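Input: a single structure, listed below in C-alpha coordinates.
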Protein chains: 2
Amino acid sequence: MEEPIEEWLKEVLMLDHAESKMTVKQMKIVQAAAEIFARKGFAAASTSEIAQQAGVAEGTIFRHYKTKKDLLLSIVAPVMSRLVAPFVIRDFGKVLENQYESFDQFLRAVIENRIEFLQRHMSIIKIMIQEVPFHPDLQEQFQKIVLAQVLSKMKVVVDRFRAEGKLLDLPSATIIRLTVSSILGYVAVRSLYGHQEDANWDDEAERQATIDFIMRGLAVPSPK
Amino acid sequence: MEEPIEEWLKEVLMLDHAESKMTVKQMKIVQAAAEIFARKGFAAASTSEIAQQAGVAEGTIFRHYKTKKDLLLSIVAPVMSRLVAPFVIRDFGKVLENQYESFDQFLRAVIENRIEFLQRHMSIIKIMIQEVPFHPDLQEQFQKIVLAQVLSKMKVVVDRFRAEGKLLDLPSATIIRLTVSSILGYVAVRSLYGHQEDANWDDEAERQATIDFIMRGLAVPSPK
DNA sequence: ATGTGAAGTGAGTAATCACTCACTTTTATC
DNA sequence: GATAAAAGTGAGTGATTACTCACTTCACAT
(Lines give C-alpha, C1' and ligand atoms only; values in the text may rest on other atoms or scores of the structure.)
Protein backbone atom coordinates (compact mmCIF):
# COMPACT_ATOMS: atom_id res chain seq x y z
CA MET A 1 0.00 0.00 0.00
CA GLU A 2 2.82 2.36 0.85
CA GLU A 3 5.07 1.00 -1.87
CA PRO A 4 4.36 3.62 -4.51
CA ILE A 5 5.18 6.40 -2.10
CA GLU A 6 8.49 4.74 -1.38
CA GLU A 7 9.15 4.53 -5.09
CA TRP A 8 8.43 8.18 -5.47
CA LEU A 9 10.74 9.05 -2.61
CA LYS A 10 13.41 6.91 -4.22
CA GLU A 11 13.15 9.09 -7.29
CA VAL A 12 13.57 12.20 -5.20
CA LEU A 13 16.37 10.85 -3.06
CA MET A 14 18.27 9.56 -6.06
CA LEU A 15 18.54 13.13 -7.21
CA ASP A 16 19.59 14.34 -3.80
CA HIS A 17 22.17 11.59 -3.89
CA ALA A 18 23.90 13.44 -6.70
CA GLU A 19 24.03 16.46 -4.43
CA SER A 20 25.55 14.45 -1.60
CA LYS A 21 28.60 13.67 -3.75
CA MET A 22 29.18 17.37 -4.26
CA THR A 23 32.05 19.29 -2.78
CA VAL A 24 31.22 22.12 -0.42
CA LYS A 25 32.45 24.59 -3.01
CA GLN A 26 30.41 22.95 -5.75
CA MET A 27 27.28 23.37 -3.66
CA LYS A 28 28.17 27.02 -3.15
CA ILE A 29 28.52 27.39 -6.92
CA VAL A 30 25.12 25.85 -7.61
CA GLN A 31 23.43 27.97 -4.96
CA ALA A 32 25.03 31.17 -6.19
CA ALA A 33 24.23 30.34 -9.81
CA ALA A 34 20.59 29.58 -9.02
CA GLU A 35 20.23 32.85 -7.15
CA ILE A 36 21.85 34.95 -9.87
CA PHE A 37 20.13 33.16 -12.77
CA ALA A 38 16.80 33.84 -11.09
CA ARG A 39 17.61 37.48 -10.40
CA LYS A 40 19.26 38.54 -13.68
CA GLY A 41 18.42 35.81 -16.16
CA PHE A 42 20.80 33.25 -17.64
CA ALA A 43 22.25 35.40 -20.42
CA ALA A 44 22.85 38.41 -18.19
CA ALA A 45 24.53 36.36 -15.45
CA SER A 46 28.31 36.25 -15.72
CA THR A 47 30.47 33.37 -14.54
CA SER A 48 32.75 35.83 -12.77
CA GLU A 49 29.87 37.14 -10.67
CA ILE A 50 28.77 33.60 -9.84
CA ALA A 51 32.30 32.70 -8.77
CA GLN A 52 32.57 35.83 -6.65
CA GLN A 53 29.25 35.22 -4.87
CA ALA A 54 30.13 31.56 -4.32
CA GLY A 55 33.51 32.53 -2.92
CA VAL A 56 35.51 30.43 -5.39
CA ALA A 57 37.88 31.08 -8.27
CA GLU A 58 36.27 31.33 -11.68
CA GLY A 59 38.24 28.32 -12.88
CA THR A 60 36.60 26.14 -10.23
CA ILE A 61 33.25 26.50 -11.96
CA PHE A 62 34.65 25.01 -15.15
CA ARG A 63 36.32 22.17 -13.22
CA HIS A 64 32.81 20.90 -12.44
CA TYR A 65 30.84 22.16 -15.44
CA LYS A 66 32.13 22.20 -18.98
CA THR A 67 30.16 25.31 -19.95
CA LYS A 68 27.90 27.90 -18.37
CA LYS A 69 24.97 26.18 -20.01
CA ASP A 70 25.96 22.89 -18.37
CA LEU A 71 25.63 24.66 -15.06
CA LEU A 72 22.14 25.81 -16.03
CA LEU A 73 21.09 22.30 -17.01
CA SER A 74 22.42 20.82 -13.76
CA ILE A 75 20.15 23.22 -11.88
CA VAL A 76 17.00 22.99 -13.99
CA ALA A 77 16.92 19.30 -14.95
CA PRO A 78 16.49 17.89 -11.42
CA VAL A 79 13.50 20.06 -10.60
CA MET A 80 11.84 18.96 -13.82
CA SER A 81 12.07 15.36 -12.65
CA ARG A 82 10.94 16.20 -9.15
CA LEU A 83 8.09 18.30 -10.47
CA VAL A 84 6.53 15.25 -12.07
CA ALA A 85 7.77 12.75 -9.48
CA PRO A 86 4.34 12.17 -7.92
CA PHE A 87 2.92 11.31 -11.33
CA VAL A 88 5.47 8.69 -12.36
CA ILE A 89 4.61 6.23 -9.61
CA ARG A 90 3.14 2.98 -10.87
CA ASP A 91 -0.61 3.04 -11.40
CA PHE A 92 -0.78 6.62 -10.30
CA GLY A 93 -4.53 6.84 -10.58
CA LYS A 94 -5.52 3.46 -9.18
CA VAL A 95 -3.41 3.87 -6.09
CA LEU A 96 -4.94 7.18 -5.17
CA GLU A 97 -8.38 5.89 -6.04
CA ASN A 98 -8.36 4.02 -2.77
CA GLN A 99 -7.17 6.95 -0.72
CA TYR A 100 -9.46 9.55 -2.20
CA GLU A 101 -12.95 8.51 -3.07
CA SER A 102 -14.12 11.69 -4.74
CA PHE A 103 -12.50 13.46 -7.65
CA ASP A 104 -12.77 16.62 -5.66
CA GLN A 105 -10.67 15.23 -2.82
CA PHE A 106 -8.17 13.68 -5.16
CA LEU A 107 -7.60 16.77 -7.26
CA ARG A 108 -7.40 18.96 -4.19
CA ALA A 109 -4.68 16.77 -2.74
CA VAL A 110 -2.63 16.79 -5.93
CA ILE A 111 -3.01 20.52 -6.37
CA GLU A 112 -2.08 21.35 -2.79
CA ASN A 113 0.90 19.05 -3.03
CA ARG A 114 2.24 20.59 -6.23
CA ILE A 115 1.55 24.15 -5.09
CA GLU A 116 3.81 23.54 -2.12
CA PHE A 117 6.49 22.08 -4.36
CA LEU A 118 6.32 25.08 -6.68
CA GLN A 119 6.64 27.47 -3.75
CA ARG A 120 9.55 25.58 -2.19
CA HIS A 121 11.54 25.72 -5.44
CA MET A 122 10.25 29.06 -6.60
CA SER A 123 13.53 30.53 -7.81
CA ILE A 124 14.44 27.48 -9.89
CA ILE A 125 10.92 27.26 -11.28
CA LYS A 126 11.32 30.86 -12.33
CA ILE A 127 14.60 30.05 -14.08
CA MET A 128 12.91 27.13 -15.82
CA ILE A 129 10.01 29.19 -17.13
CA GLN A 130 12.34 31.98 -18.20
CA GLU A 131 14.91 29.86 -20.02
CA VAL A 132 12.97 26.95 -21.52
CA PRO A 133 11.71 29.08 -24.45
CA PHE A 134 15.26 30.00 -25.46
CA HIS A 135 17.02 26.64 -25.32
CA PRO A 136 15.82 23.95 -27.74
CA ASP A 137 17.43 21.19 -25.67
CA LEU A 138 15.63 22.40 -22.56
CA GLN A 139 12.40 22.52 -24.54
CA GLU A 140 12.91 18.91 -25.56
CA GLN A 141 13.62 17.87 -21.98
CA PHE A 142 10.53 19.71 -20.78
CA GLN A 143 8.43 18.10 -23.48
CA LYS A 144 9.65 14.58 -22.69
CA ILE A 145 10.03 14.74 -18.93
CA VAL A 146 7.22 17.03 -17.82
CA LEU A 147 4.57 17.27 -20.49
CA ALA A 148 4.52 13.67 -21.67
CA GLN A 149 4.51 12.25 -18.13
CA VAL A 150 1.86 14.52 -16.70
CA LEU A 151 -0.41 14.31 -19.73
CA SER A 152 -0.33 10.53 -20.02
CA LYS A 153 -0.68 9.83 -16.31
CA MET A 154 -3.36 12.41 -15.67
CA LYS A 155 -5.27 11.34 -18.75
CA VAL A 156 -6.07 8.00 -17.14
CA VAL A 157 -7.43 9.60 -14.00
CA VAL A 158 -9.33 12.30 -15.82
CA ASP A 159 -10.86 9.81 -18.22
CA ARG A 160 -12.12 7.65 -15.40
CA PHE A 161 -13.71 10.47 -13.45
CA ARG A 162 -15.21 11.83 -16.63
CA ALA A 163 -16.69 8.45 -17.46
CA GLU A 164 -18.32 8.50 -14.04
CA GLY A 165 -19.93 11.80 -14.96
CA LYS A 166 -18.09 13.77 -12.32
CA LEU A 167 -16.16 15.83 -14.82
CA LEU A 168 -17.08 17.89 -17.84
CA ASP A 169 -16.72 16.32 -21.27
CA LEU A 170 -13.52 18.09 -22.31
CA PRO A 171 -10.25 16.71 -23.69
CA SER A 172 -7.97 15.81 -20.81
CA ALA A 173 -5.29 18.09 -22.26
CA THR A 174 -7.72 20.97 -21.96
CA ILE A 175 -8.62 20.10 -18.39
CA ILE A 176 -4.97 19.95 -17.43
CA ARG A 177 -4.21 23.22 -19.19
CA LEU A 178 -6.97 25.05 -17.34
CA THR A 179 -5.90 23.57 -14.03
CA VAL A 180 -2.20 24.29 -14.46
CA SER A 181 -2.68 27.84 -15.69
CA SER A 182 -4.88 28.68 -12.70
CA ILE A 183 -2.29 27.25 -10.32
CA LEU A 184 0.59 29.05 -12.00
CA GLY A 185 -1.38 32.29 -11.84
CA TYR A 186 -1.86 31.83 -8.10
CA VAL A 187 1.80 31.00 -7.49
CA ALA A 188 3.05 33.84 -9.69
CA VAL A 189 0.89 36.53 -8.11
CA ARG A 190 1.66 35.22 -4.65
CA SER A 191 5.39 35.40 -5.27
CA LEU A 192 5.03 38.96 -6.52
CA TYR A 193 2.61 40.46 -4.03
CA GLY A 194 2.32 37.86 -1.32
CA HIS A 195 5.56 38.70 0.41
CA GLN A 196 4.95 42.40 0.82
CA GLU A 197 4.09 43.31 4.37
CA ASP A 198 1.40 45.81 3.46
CA ALA A 199 -0.22 43.14 1.39
CA ASN A 200 -3.94 42.64 1.49
CA TRP A 201 -3.15 39.08 0.46
CA ASP A 202 -4.92 36.40 2.46
CA ASP A 203 -2.92 33.43 1.25
CA GLU A 204 -5.19 30.72 2.59
CA ALA A 205 -8.26 32.43 1.13
CA GLU A 206 -6.60 32.94 -2.24
CA ARG A 207 -5.52 29.31 -2.40
CA GLN A 208 -8.99 28.08 -1.50
CA ALA A 209 -10.56 30.44 -4.02
CA THR A 210 -8.22 29.15 -6.72
CA ILE A 211 -8.91 25.50 -6.03
CA ASP A 212 -12.65 26.13 -5.77
CA PHE A 213 -12.51 28.05 -9.05
CA ILE A 214 -10.89 25.08 -10.77
CA MET A 215 -13.39 22.64 -9.29
CA ARG A 216 -16.39 24.74 -10.24
CA GLY A 217 -15.00 25.20 -13.73
CA LEU A 218 -14.47 21.51 -14.32
CA ALA A 219 -17.32 19.85 -12.49
CA VAL A 220 -20.56 18.87 -14.15
CA PRO A 221 -23.13 21.51 -13.19
CA SER A 222 -25.61 20.16 -10.70
CA PRO A 223 -29.08 19.79 -12.22
CA LYS A 224 -31.62 22.41 -11.13
CA MET B 1 -23.05 56.21 -27.95
CA GLU B 2 -20.05 55.60 -30.16
CA GLU B 3 -17.96 58.28 -28.54
CA PRO B 4 -16.02 56.11 -26.10
CA ILE B 5 -14.89 53.85 -28.93
CA GLU B 6 -13.62 56.86 -30.78
CA GLU B 7 -11.71 57.90 -27.70
CA TRP B 8 -10.17 54.49 -27.43
CA LEU B 9 -9.15 54.56 -31.06
CA LYS B 10 -7.61 57.96 -30.51
CA GLU B 11 -5.39 56.41 -27.85
CA VAL B 12 -4.28 53.73 -30.25
CA LEU B 13 -3.78 56.02 -33.19
CA MET B 14 -1.78 58.48 -31.15
CA LEU B 15 0.75 55.74 -30.65
CA ASP B 16 0.74 54.81 -34.31
CA HIS B 17 1.31 58.48 -34.97
CA ALA B 18 4.73 58.12 -33.35
CA GLU B 19 5.45 55.35 -35.81
CA SER B 20 4.42 57.49 -38.74
CA LYS B 21 7.22 59.96 -37.93
CA MET B 22 9.75 57.18 -38.20
CA THR B 23 12.28 56.81 -40.95
CA VAL B 24 12.11 53.69 -43.06
CA LYS B 25 15.36 52.51 -41.52
CA GLN B 26 14.12 53.18 -38.01
CA MET B 27 11.09 51.00 -38.65
CA LYS B 28 13.40 48.27 -39.92
CA ILE B 29 15.41 48.57 -36.71
CA VAL B 30 12.34 48.26 -34.50
CA GLN B 31 11.02 45.28 -36.44
CA ALA B 32 14.38 43.49 -36.39
CA ALA B 33 14.84 44.21 -32.69
CA ALA B 34 11.37 42.94 -31.81
CA GLU B 35 11.97 39.73 -33.74
CA ILE B 36 15.39 39.08 -32.22
CA PHE B 37 14.39 40.07 -28.67
CA ALA B 38 11.50 37.60 -28.87
CA ARG B 39 13.67 34.83 -30.29
CA LYS B 40 16.81 35.15 -28.14
CA GLY B 41 15.83 37.34 -25.23
CA PHE B 42 16.95 40.90 -24.56
CA ALA B 43 20.30 40.13 -22.91
CA ALA B 44 21.34 37.60 -25.55
CA ALA B 45 20.44 39.88 -28.46
CA SER B 46 23.36 41.91 -29.76
CA THR B 47 23.05 45.32 -31.37
CA SER B 48 25.31 44.16 -34.20
CA GLU B 49 22.90 41.34 -35.05
CA ILE B 50 19.94 43.72 -34.92
CA ALA B 51 21.73 46.16 -37.25
CA GLN B 52 22.62 43.36 -39.64
CA GLN B 53 19.07 42.01 -39.80
CA ALA B 54 17.66 45.52 -40.21
CA GLY B 55 20.14 46.24 -43.00
CA VAL B 56 21.60 49.34 -41.34
CA ALA B 57 24.90 50.32 -39.79
CA GLU B 58 25.24 49.69 -36.09
CA GLY B 59 25.69 53.41 -35.46
CA THR B 60 22.25 54.11 -36.90
CA ILE B 61 20.61 52.31 -34.01
CA PHE B 62 22.25 54.66 -31.52
CA ARG B 63 21.30 57.70 -33.59
CA HIS B 64 17.65 56.93 -32.70
CA TYR B 65 18.04 55.20 -29.32
CA LYS B 66 20.54 56.21 -26.67
CA THR B 67 21.00 52.67 -25.38
CA LYS B 68 19.94 49.13 -26.19
CA LYS B 69 17.51 49.32 -23.29
CA ASP B 70 15.94 52.45 -24.78
CA LEU B 71 15.21 50.39 -27.85
CA LEU B 72 13.54 47.75 -25.68
CA LEU B 73 11.39 50.34 -23.94
CA SER B 74 10.31 51.89 -27.23
CA ILE B 75 9.00 48.48 -28.27
CA VAL B 76 7.38 47.34 -25.04
CA ALA B 77 5.88 50.55 -23.68
CA PRO B 78 3.37 51.13 -26.52
CA VAL B 79 1.83 47.66 -26.26
CA MET B 80 1.38 48.15 -22.53
CA SER B 81 -0.74 51.21 -23.25
CA ARG B 82 -2.63 49.51 -26.02
CA LEU B 83 -3.18 46.42 -23.89
CA VAL B 84 -5.23 48.44 -21.43
CA ALA B 85 -6.63 50.89 -23.98
CA PRO B 86 -10.18 49.46 -23.87
CA PHE B 87 -10.26 49.89 -20.11
CA VAL B 88 -9.21 53.53 -19.96
CA ILE B 89 -12.24 54.87 -21.79
CA ARG B 90 -14.48 57.09 -19.69
CA ASP B 91 -17.04 55.23 -17.61
CA PHE B 92 -15.85 51.93 -18.93
CA GLY B 93 -18.43 49.92 -17.08
CA LYS B 94 -21.45 52.14 -17.49
CA VAL B 95 -20.99 52.43 -21.21
CA LEU B 96 -20.90 48.73 -21.77
CA GLU B 97 -23.78 48.21 -19.39
CA ASN B 98 -26.06 49.44 -22.13
CA GLN B 99 -24.55 47.29 -24.82
CA TYR B 100 -24.32 44.07 -22.84
CA GLU B 101 -27.15 43.30 -20.48
CA SER B 102 -25.69 40.17 -18.90
CA PHE B 103 -22.35 39.84 -17.16
CA ASP B 104 -21.77 36.76 -19.25
CA GLN B 105 -22.12 38.68 -22.49
CA PHE B 106 -20.03 41.57 -21.27
CA LEU B 107 -17.14 39.46 -19.99
CA ARG B 108 -17.17 37.31 -23.10
CA ALA B 109 -16.84 40.38 -25.28
CA VAL B 110 -13.96 41.81 -23.28
CA ILE B 111 -12.16 38.46 -23.17
CA GLU B 112 -12.56 37.77 -26.88
CA ASN B 113 -11.37 41.27 -27.66
CA ARG B 114 -8.22 41.02 -25.52
CA ILE B 115 -7.42 37.48 -26.69
CA GLU B 116 -7.29 38.78 -30.22
CA PHE B 117 -5.07 41.63 -29.16
CA LEU B 118 -2.69 39.27 -27.38
CA GLN B 119 -2.46 37.06 -30.43
CA ARG B 120 -1.90 39.93 -32.83
CA HIS B 121 1.03 41.20 -30.77
CA MET B 122 2.24 37.83 -29.59
CA SER B 123 5.96 38.39 -30.07
CA ILE B 124 6.00 41.70 -28.21
CA ILE B 125 3.81 40.28 -25.44
CA LYS B 126 6.36 37.53 -25.11
CA ILE B 127 9.16 40.08 -24.80
CA MET B 128 7.15 41.94 -22.18
CA ILE B 129 6.53 38.87 -20.04
CA GLN B 130 10.15 37.79 -20.40
CA GLU B 131 11.78 41.11 -19.55
CA VAL B 132 9.49 42.80 -17.05
CA PRO B 133 10.82 40.69 -14.15
CA PHE B 134 14.40 41.81 -14.81
CA HIS B 135 13.96 45.55 -15.25
CA PRO B 136 12.70 47.52 -12.25
CA ASP B 137 11.69 50.46 -14.44
CA LEU B 138 9.62 48.16 -16.67
CA GLN B 139 8.06 46.66 -13.54
CA GLU B 140 7.07 50.11 -12.40
CA GLN B 141 5.58 50.96 -15.79
CA PHE B 142 3.67 47.67 -15.81
CA GLN B 143 2.40 48.33 -12.31
CA LYS B 144 1.23 51.85 -13.11
CA ILE B 145 0.01 51.45 -16.66
CA VAL B 146 -1.41 47.94 -16.77
CA LEU B 147 -2.18 46.72 -13.28
CA ALA B 148 -3.53 49.92 -11.78
CA GLN B 149 -5.73 50.71 -14.78
CA VAL B 150 -7.20 47.27 -15.23
CA LEU B 151 -7.75 46.67 -11.53
CA SER B 152 -9.47 49.98 -10.86
CA LYS B 153 -11.64 49.95 -13.97
CA MET B 154 -12.63 46.32 -13.71
CA LYS B 155 -13.32 46.65 -9.99
CA VAL B 156 -16.27 48.92 -10.71
CA VAL B 157 -17.80 46.49 -13.15
CA VAL B 158 -17.13 43.43 -11.04
CA ASP B 159 -18.52 45.06 -7.91
CA ARG B 160 -21.74 45.94 -9.66
CA PHE B 161 -22.35 42.50 -11.10
CA ARG B 162 -21.46 40.95 -7.76
CA ALA B 163 -23.93 43.21 -6.00
CA GLU B 164 -26.56 41.94 -8.39
CA GLY B 165 -25.73 38.41 -7.29
CA LYS B 166 -24.45 37.33 -10.67
CA LEU B 167 -20.90 36.86 -9.48
CA LEU B 168 -19.29 35.00 -6.60
CA ASP B 169 -18.36 36.93 -3.49
CA LEU B 170 -14.62 37.17 -4.12
CA PRO B 171 -12.28 40.16 -4.10
CA SER B 172 -12.23 41.73 -7.53
CA ALA B 173 -8.44 41.31 -7.64
CA THR B 174 -8.94 37.57 -7.24
CA ILE B 175 -11.58 37.44 -9.96
CA ILE B 176 -9.29 39.29 -12.33
CA ARG B 177 -6.32 37.08 -11.46
CA LEU B 178 -8.27 33.90 -12.18
CA THR B 179 -9.60 35.32 -15.44
CA VAL B 180 -6.26 36.60 -16.70
CA SER B 181 -4.32 33.46 -15.81
CA SER B 182 -6.82 31.30 -17.69
CA ILE B 183 -6.58 33.53 -20.74
CA LEU B 184 -2.78 33.64 -20.66
CA GLY B 185 -2.71 29.86 -20.38
CA TYR B 186 -4.88 29.57 -23.47
CA VAL B 187 -2.79 32.04 -25.45
CA ALA B 188 0.51 30.50 -24.35
CA VAL B 189 -0.43 26.93 -25.18
CA ARG B 190 -1.97 28.01 -28.46
CA SER B 191 1.20 29.81 -29.50
CA LEU B 192 3.25 26.73 -28.65
CA TYR B 193 1.15 23.93 -30.04
CA GLY B 194 -1.52 25.66 -32.04
CA HIS B 195 0.62 26.38 -35.05
CA GLN B 196 1.88 22.86 -35.62
CA GLU B 197 0.22 21.23 -38.60
CA ASP B 198 -0.24 17.85 -36.95
CA ALA B 199 -1.98 19.62 -34.13
CA ASN B 200 -5.03 18.13 -32.52
CA TRP B 201 -5.80 21.67 -31.49
CA ASP B 202 -9.33 22.83 -32.22
CA ASP B 203 -8.83 26.53 -31.62
CA GLU B 204 -12.46 27.54 -31.53
CA ALA B 205 -13.31 24.71 -29.15
CA GLU B 206 -10.37 25.52 -26.87
CA ARG B 207 -11.31 29.18 -26.75
CA GLN B 208 -14.93 28.39 -25.95
CA ALA B 209 -13.87 25.87 -23.31
CA THR B 210 -11.61 28.47 -21.71
CA ILE B 211 -14.27 31.18 -21.59
CA ASP B 212 -16.89 28.71 -20.33
CA PHE B 213 -14.43 27.55 -17.69
CA ILE B 214 -13.98 31.10 -16.46
CA MET B 215 -17.72 31.74 -16.45
CA ARG B 216 -18.53 28.55 -14.57
CA GLY B 217 -15.77 29.28 -12.07
CA LEU B 218 -16.99 32.79 -11.32
CA ALA B 219 -20.75 32.56 -11.59
CA VAL B 220 -22.97 31.97 -8.59
CA PRO B 221 -24.01 28.30 -8.72
CA SER B 222 -27.60 27.95 -9.81
CA PRO B 223 -29.86 26.72 -6.97
CA LYS B 224 -30.98 23.08 -7.21
C1' DA C 1 21.06 76.33 -56.58
C1' DT C 2 22.50 76.47 -51.94
C1' DG C 3 22.83 76.06 -47.11
C1' DT C 4 21.55 73.45 -42.97
C1' DG C 5 20.22 70.10 -39.82
C1' DA C 6 19.01 65.47 -39.53
C1' DA C 7 20.00 60.65 -40.97
C1' DG C 8 23.28 57.34 -41.82
C1' DT C 9 27.90 55.29 -41.68
C1' DG C 10 31.69 52.06 -40.06
C1' DA C 11 36.12 51.92 -38.11
C1' DG C 12 37.55 52.26 -33.48
C1' DT C 13 37.43 51.61 -28.10
C1' DA C 14 37.46 50.06 -23.53
C1' DA C 15 35.19 46.73 -21.01
C1' DT C 16 33.53 42.35 -20.31
C1' DC C 17 32.64 37.74 -21.74
C1' DA C 18 33.17 32.45 -21.31
C1' DC C 19 36.70 29.57 -21.08
C1' DT C 20 41.87 27.57 -20.72
C1' DC C 21 45.95 26.08 -18.55
C1' DA C 22 50.04 25.59 -15.95
C1' DC C 23 50.31 25.30 -11.35
C1' DT C 24 49.29 24.49 -6.15
C1' DT C 25 46.60 22.37 -2.54
C1' DT C 26 43.68 18.88 -0.68
C1' DT C 27 42.03 14.29 -0.19
C1' DA C 28 42.13 9.43 -0.29
C1' DT C 29 44.56 4.75 -0.70
C1' DC C 30 48.01 1.55 0.40
C1' DG D 1 54.24 8.83 4.96
C1' DA D 2 54.70 8.27 -0.01
C1' DT D 3 51.83 8.61 -4.28
C1' DA D 4 48.37 9.66 -7.27
C1' DA D 5 44.16 11.56 -8.42
C1' DA D 6 40.93 15.14 -7.76
C1' DA D 7 39.84 19.90 -6.41
C1' DG D 8 41.05 24.50 -6.54
C1' DT D 9 43.41 28.59 -8.33
C1' DG D 10 44.02 33.04 -10.99
C1' DA D 11 46.45 35.19 -14.57
C1' DG D 12 45.81 35.07 -19.39
C1' DT D 13 43.22 34.42 -24.12
C1' DG D 14 40.70 35.75 -28.14
C1' DA D 15 36.17 36.97 -29.13
C1' DT D 16 32.32 39.84 -28.51
C1' DT D 17 29.97 43.54 -26.31
C1' DA D 18 27.49 48.27 -26.21
C1' DC D 19 28.57 52.47 -27.56
C1' DT D 20 31.33 56.76 -29.80
C1' DC D 21 32.73 59.92 -33.21
C1' DA D 22 34.54 62.11 -37.21
C1' DC D 23 32.72 61.98 -41.40
C1' DT D 24 29.42 61.53 -45.55
C1' DT D 25 24.85 61.57 -47.59
C1' DC D 26 20.30 63.08 -47.81
C1' DA D 27 15.93 65.98 -47.51
C1' DC D 28 14.10 70.19 -47.79
C1' DA D 29 13.24 75.33 -46.87
C1' DT D 30 14.67 79.53 -48.85
Side-chain angles (χ1 to χ4, degrees), chain A residues 16-77 127 130-131 134-138, chain B residues 16-77 127 130-131 134-138:
Chain A
D16 287 350
H17 187 57
E19 286 176 7
S20 72
K21 283 195 171 179
M22 278 187 183
T23 311
V24 176
K25 300 220 167 186
Q26 191 174 355
M27 271 300 301
K28 288 273 194 184
I29 289 169
V30 170
Q31 286 169 8
E35 198 275 319
I36 294 175
F37 285 163
R39 182 159 42 84
K40 310 179 75 172
F42 173 74
S46 74
T47 50
S48 73
E49 188 183 355
I50 294 170
Q52 194 180 337
Q53 180 160 323
V56 303
E58 203 172 345
T60 309
I61 294 176
F62 295 96
R63 179 87 23 200
H64 295 288
Y65 306 95
K66 282 197 297 187
T67 64
K68 192 175 89 165
K69 190 164 179 177
D70 259 30
L71 178 54
L72 172 69
L73 293 180
S74 80
I75 291 172
V76 170
I127 297 171
Q130 290 286 344
E131 300 304 331
F134 297 134
H135 306 269
D137 46 351
L138 264 182
Chain B
D16 287 349
H17 187 57
E19 287 176 7
S20 72
K21 282 195 171 179
M22 278 188 183
T23 311
V24 177
K25 300 220 167 189
Q26 190 174 356
M27 271 299 301
K28 287 273 193 185
I29 289 170
V30 169
Q31 285 169 7
E35 198 275 320
I36 293 175
F37 285 163
R39 181 158 43 85
K40 310 181 75 172
F42 174 73
S46 74
T47 51
S48 74
E49 188 183 354
I50 294 170
Q52 195 181 339
Q53 180 161 323
V56 303
E58 205 173 342
T60 309
I61 294 176
F62 295 96
R63 179 95 9 206
H64 296 288
Y65 306 96
K66 280 197 299 188
T67 63
K68 194 176 89 165
K69 191 164 177 175
D70 259 31
L71 178 55
L72 173 69
L73 293 180
S74 80
I75 291 172
V76 170
I127 296 171
Q130 289 286 346
E131 301 304 331
F134 298 134
H135 306 270
D137 46 351
L138 264 183

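What you see is a predicted model; the values in this text were computed from it and never measured. In what follows, every chain begins at residue 1, and chains take the letters A, B, ... in the order their sequences are listed.
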Quiz item: Knowing that exactly one of V24(A), T23(A), V56(A) qualifies, which makes a side-chain contact (heavy atoms from CB on, under 4.5 Å) with I29(A)?
Solution: V56(A)
Self-check item: Euclidean distance, atom CD1 of residue I50(A) to atom P of dT16(C) [Å, nearest integer]
Solution: 17 Å
Self-check item: Distance, rounded to the nearest Å, where E49(A) contributes CD and dC17(C) contributes P
Solution: 8 Å
Exercise. Round to the nearest Å and state the distance from Q26(A) atom CD to dT9(D) atom P.
Key: 13 Å
Quiz prompt | By side-chain contact (heavy atoms from CB on, under 4.5 Å) - contacts of A32(A) (at least two apart) | solution = I50(A), Q53(A), A54(A)
Quiz item: Passes side chain to side chain contact (heavy atoms under 4.5 Å, CB included), V76(B) versus F37(B)? Steps please.
Solution: CA-CA 11 Å; V76(B) 170; F37(B) 285 163; over 6 Å; no
Practice problem: May I ask you to test the Q130(A)-I127(A) pair for a side-chain heavy-atom distance under 4.5 Å? | Solution: no
Quiz item: In whole angstrom, what separates K25(B)'s NZ from dA6(C)'s C1'?
Solution: 14 Å
Quiz item: For Y65(A) and dT20(C), what is the distance between atoms OH and P respectively, to the nearest whole Å?
Solution: 16 Å
Quiz item: Rounded to the Å, how far apart are I29(A) CD1 and dT9(D) C1'?
Solution: 12 Å
Quiz prompt | Rounded distance in Å - CD (Q52(B)) to P (dG10(C)) | solution = 13 Å
Practice problem: Round to a whole Å and report the spacing from CD1 of I61(A) to P of dC17(C). | Solution: 12 Å
Quiz item: Does Q52(B) CD have over 12 foreign heavy atoms under 6.0 Å away?
Solution: no
Quiz item: Is the closest side-chain heavy-atom distance between H135(B) and L73(B) below 4.5 Å?
Solution: no
Quiz item: Taking protein heavy atoms under 4.0 Å as touching, what does nucleotides 15-23 of chain D look like 5' to 3' if B marks base contact, S marks sugar-phosphate-only contact and - marks none?
Solution: --SBBB-B-
Quiz item: OP1 or OP2 of dG8(D) less than 4.0 angstrom from a side-chain nitrogen or oxygen of H64(A), does that happen here?
Solution: yes
